[in-house]
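Index from 1, following the sequence.
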Amino acid sequence: MSKPFAKKFYLSKSWEKCRMAYIAHRRACDGGMCEECGTRTGCIVHHKKELTPLSINNPDISLGFSNLKYVCQECHNTIHHAKKRGSIPGMAGYTFGADGSITILPPVVQIDPELR
């Protein structure tokens, strides 16, 4: 769910065109695999650097391919849960499956951003 300040952006033609172009780019690269785990098909175009009320108007951040990542639902949940729990190594989080079942997420492992 997007934050209230970002709703208009995520409904815009600019984002829709960018999103579709990035998905096409990723499908041409590796068939559209998740850029995080590489084992599942991506389904969400994720902003690596989170959008804020200020950065949402910066096209390098909001629409730039260098700030996007095509990820599967599971990895997207893990990314956002890690942010919510402060990326504390070893702290488990939870998410809900499509059927409403609760899934325990693996502990957060901190990876040097230079290696990503």
Say you draw a straight line from CG of Asn58 to CG of Leu63; how long is it, rounded to the nearest 0.5 Å?
-> 9.0 Å
Would a 4.5 Å heavy-atom cut-off, applied to side chains only, mark Lys69 and His76 as touching?
-> no
Sequence neighbours excluded, which residues qualify as ring-ring contact (aromatic ring centres under 6.0 Å, His included) partners of Phe5?
-> none
Closest non-hydrogen atom pair between Cys72 and Arg40, with its separation | SG-NE, 3.1 Å
Please list, chain by chain and in numerical order, all residues satisfying side-chain hydrogen bond (donor to acceptor under 3.5 Å, both in side chains) with Glu16, sequence neighbours excluded.
-> none
Cluster check Ile23, Val71: I/L/V/M/F/W/Y, side chain < 4.5 angstrom | no
Between His46 and His80, how do the two ring planes meet: parallel, tilted or perpendicular, split at 30° and 60°?
-> perpendicular
What distance do Lys49 atom NZ and Asn67 atom CG have between them, rounded to the nearest 0.5 Å?
-> 7.5 Å
Give me the ring orientation class for Phe9 and Trp15: parallel if the planes are under 30° apart, tilted from 30 to 60°, perpendicular past 60°.
-> tilted
Please determine if Lys48 and Glu35 form a salt bridge, counting it only when a charged side-chain N lies under 4.0 Å from a carboxylate O.
-> no
Got Tyr70 and Arg27 here, is their nearest side-chain heavy-atom distance under 4.5 Å?
-> yes
The salt bridge (charged side-chain N to carboxylate O under 4.0 Å, His left out) partners of Asp30 (sequence neighbours excluded) come to Arg26
Set of side-chain hydrogen bond (donor to acceptor under 3.5 Å, both in side chains) partners for Ser14, sequence neighbours left out | none
Return the set of residues passing side-chain hydrogen bond (donor to acceptor under 3.5 Å, both in side chains) with Thr41 (not counting sequence neighbours), or none when no residue passes.
-> none
How about Leu68 and Cys18: do any of their side-chain heavy atoms sit closer than 4.5 Å?
-> yes
Indicate, with yes or no, if Ile56 and Ile44 share a hydrophobic cluster defined by side-chain heavy-atom contacts under 4.5 Å among Ile, Leu, Val, Met, Phe, Trp and Tyr.
-> no
Heavy atoms only: give me the nearest His47-Ser62 pair and the separation to one decimal.
-> NE2-O, 2.8 Å
Return the set of residues passing side-chain hydrogen bond (donor to acceptor under 3.5 Å, both in side chains) with Asn57 (not counting sequence neighbours), or none when no residue passes.
-> none
Taking side chain as C-beta onward, heavy atoms only, is Phe65 less than 4.5 Å from Asp60?
-> no
